[in-house]
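Heads up: the structure comes next, in structure tokens.
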Amino acid sequence: MTFCICKCFMSRNIYIKSLDVHLDFFSKSQFLQSYNKLLSDTCQGSYHLSKVLEEVEEEVSRRKRLTLDSVERQKYIQQNYTRLHPEIFDFQEDFLSPDFLRLVSFCKQDEARFEGVCAYLSETNVERTYTFPVFTAKFCRLFLEEIMHFEQSDVPKGRPNTMNSYGVLLDELGMYRFIDVFRENYLEPITSLLYPDWGGAMLDSHKAFIVQYGHGKDVDLGYHYDNAEVTLNVALSPEDSFEGGDLFFGAMRNEIDSQKNWKTYSHRPTVGILHRGQHRHGAYPIMQGSRYNLIVWMRASAVRNKKCPMCDAVPDLEETTGYGDGFTRQTMDVCSVV
């Protein structure tokens, strides 16, 4: 099995931070023609328009180089970065909260059903979102110390995604296997019961990263949906280290949305919130301090191979390294062909 990206990644859903919108970019002429009214209404003069075009073209260029750049960074980090807490790179069950382990243990039982799992987690005021303690406070402290140590190093670093400029890609840091074990053995038993209609029992890849919010960093997050079937968001920072930055949720991406119906969720350290990837959400500005979160986008190729969640079409696949964007192409073993 070979993992792939959909070619739409190179041209669609380009986030323009200065306008807080996602747009498509196939060429400069197409862009100016397609979004003439939007650009006329929002751009203050030719200088602003040229900066918007520069922002879009830089993002398209970044995406085209993304795979090669990431592989090169990962090799360099492996050879040159000295880990502060090497013991946390190999997954250990004692990193996990006892409450989380009880939840997972229940979900792994053959007779486990959705009705029973609700006793082990907390529902929020947002439809089909659930919260539960994930890690111990000790692990979160060590993990944060490692992330800060990495940030202060002079090794090259990639952006977590289009919308977050500050944070860490965990595969590049060397935690690829850590997240694999975490997803396969601990998260999928839960998502199987909570999101069977979203491929929760068939999650076969992920993208995991740390995001950071604070003064001089990203201070908020625009309204969007994730390139994932299911998302886990875990707060790592101590409660007294930040103020503000609540999440807000609206409607699913295929539903009629109204801002008056948006609902908020406040982060609590060591606690994760689980939600469907296509549930639109964002983050209000952080008022003071600094907040770090672990984000795990979990993907089910059996779902996304039928329709790309970013372009709503049968994916036009391009092979890549690692998990790509979670699409797969079956490869034939020529030795098995008679």
Side-chain angles (χ1 to χ4, degrees), residues 93 95-108 112-141 143-144 179 182-183 185-201 203 206 208-213 220-221 223-226 228-252 261-284 286 289 291-298:
E93 197 165 88
F95 296 161
L96 302 173
S97 159
D99 287 339
F100 182 73
L101 290 174
R102 283 189 283 271
L103 166 63
V104 174
S105 178
F106 171 82
C107 293
K108 286 183 175 181
R113 298 292 181 271
F114 172 80
E115 293 74 19
V117 74
C118 292
Y120 292 85
L121 44 78
S122 300
E123 293 187 65
T124 75
N125 63 344
V126 184
E127 183 182 9
R128 296 193 72 181
T129 66
Y130 309 93
T131 70
F132 39 83
V134 179
F135 298 116
T136 65
K138 178 182 177 181
F139 172 76
C140 287
R141 177 178 58 79
F143 196 11
L144 274 180
I179 301 297
F182 184 42
R183 170 177 54 80
N185 297 340
Y186 297 90
L187 294 176
E188 190 166 313
I190 301 171
T191 59
S192 297
L193 293 179
L194 298 181
Y195 303 112
D197 51 335
W198 285 90
L203 301 173
H206 65 262
F209 50 94
I210 302 295
V211 292
Q212 180 188 5
Y213 297 91
D220 58 11
L221 183 63
Y223 197 47
H224 68 287
Y225 63 92
D226 299 336
E229 275 62 70
V230 182
T231 295
L232 176 69
N233 181 336
V234 185
L236 302 175
S237 302
E239 202 159 17
D240 59 358
S241 65
F242 66 93
E243 181 180 325
D246 287 351
L247 289 180
F248 60 90
F249 287 85
M252 296 292 287
N261 295 325
W262 289 1
K263 297 177 181 178
T264 62
Y265 168 79
S266 298
H267 292 288
R268 291 174 291 151
T270 76
V271 174
I273 179 169
L274 198 66
H275 64 85
R276 294 163 290 175
Q278 294 192 32
H279 197 156
R280 286 179 285 187
H281 59 285
Y284 290 119
I286 191 166
R291 173 168 65 80
Y292 289 82
N293 285 58
L294 164 66
I295 311 295
V296 185
W297 287 353
M298 292 173 277

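- Note: I286 CD1 to F242 CZ = 6.5 Å, rounded to the nearest 0.5 Å.
- Side-chain contact of H279 with R128: a donor-acceptor pair under 3.5 Å is absent, judged by distance alone.
- With a 4.5 Å cut-off on side-chain heavy atoms, Y223 and W262 count as touching.
- Closest approach of T191 and G200 over heavy atoms only: OG1-O, 2.7 Å.
- S237 and P269 make their closest contact through O-CB, 3.2 Å (heavy atoms, listed as atom of the first residue, atom of the second, distance).
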Item checked: Verdict with reasoning, F248 to Y284, per ring-ring contact (aromatic ring centres under 6.0 Å, His included) -> CA-CA 7 Å; F248 60 90; Y284 290 119; 4.4 Å; yes
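- Smallest separation of non-hydrogen atoms from L193 and F114: O-CD1, 3.7 Å.
- Between atom CG of residue L274 and atom OG1 of residue T129 there is a gap of 9.0 Å, rounded to the nearest 0.5 Å.
- Closest heavy-atom contact between L203 and R183: O-NH1, 3.0 Å.
- Note: E93 CD to N185 CG = 9.0 Å, rounded to the nearest 0.5 Å.
- Distance check: R141 CZ to T136 OG1 gives 9.0 Å after rounding to the nearest 0.5 Å.
- More than 12 heavy atoms of other residues, nucleotides or ligands sit less than 6.0 Å from atom NZ of K108.
- Using cut-offs of 30° and 60° for the angle between ring planes, the F182 and F100 rings count as tilted.
- Side chain of R276 to main chain of V230: no donor-acceptor pair is present (N/O by atom type, distance under 3.5 Å, no hydrogens or angles).
- Taking each heavy atom of N293 and L236 in turn, the nearest pair found is C-CD1, 4.2 Å.
- Between F95 and the options F139, Y186, F135, a ring-ring contact (aromatic ring centres under 6.0 Å, His included) holds for only F139.
- A pairwise comparison of heavy atoms in V117 and C107 identifies CG2-SG, 3.4 Å as the closest pair.
- Distance alone, capped at 3.5 Å, places no donor-acceptor pair between the R280 side chain and the Y225 backbone.
- Of the N and O atoms on the side chains of D246 and T264, not one donor lies less than 3.5 Å from an acceptor on the other residue.
- Residues I190 and Y130 form no side-chain contact, since every pair of their non-hydrogen atoms from C-beta on lies 4.5 Å or further apart.
- The side-chain heavy atoms of P238 and L144, taken from C-beta on, include a pair separated by under 4.5 Å.
- Take H281 and apply the ring-ring contact (aromatic ring centres under 6.0 Å, His included) test, not counting sequence neighbours, and it matches H224, F249, H275.
- Remark: F132 CZ to S97 OG distance equals 10.5 Å, nearest 0.5 Å.
- A distance of 7.0 Å separates SG of C118 from CG of L194, quoted to the nearest 0.5 Å.
- The backbone N or O of L101 sits nowhere less than 3.5 Å from a side-chain atom of S105 that would complete a donor-acceptor pair.
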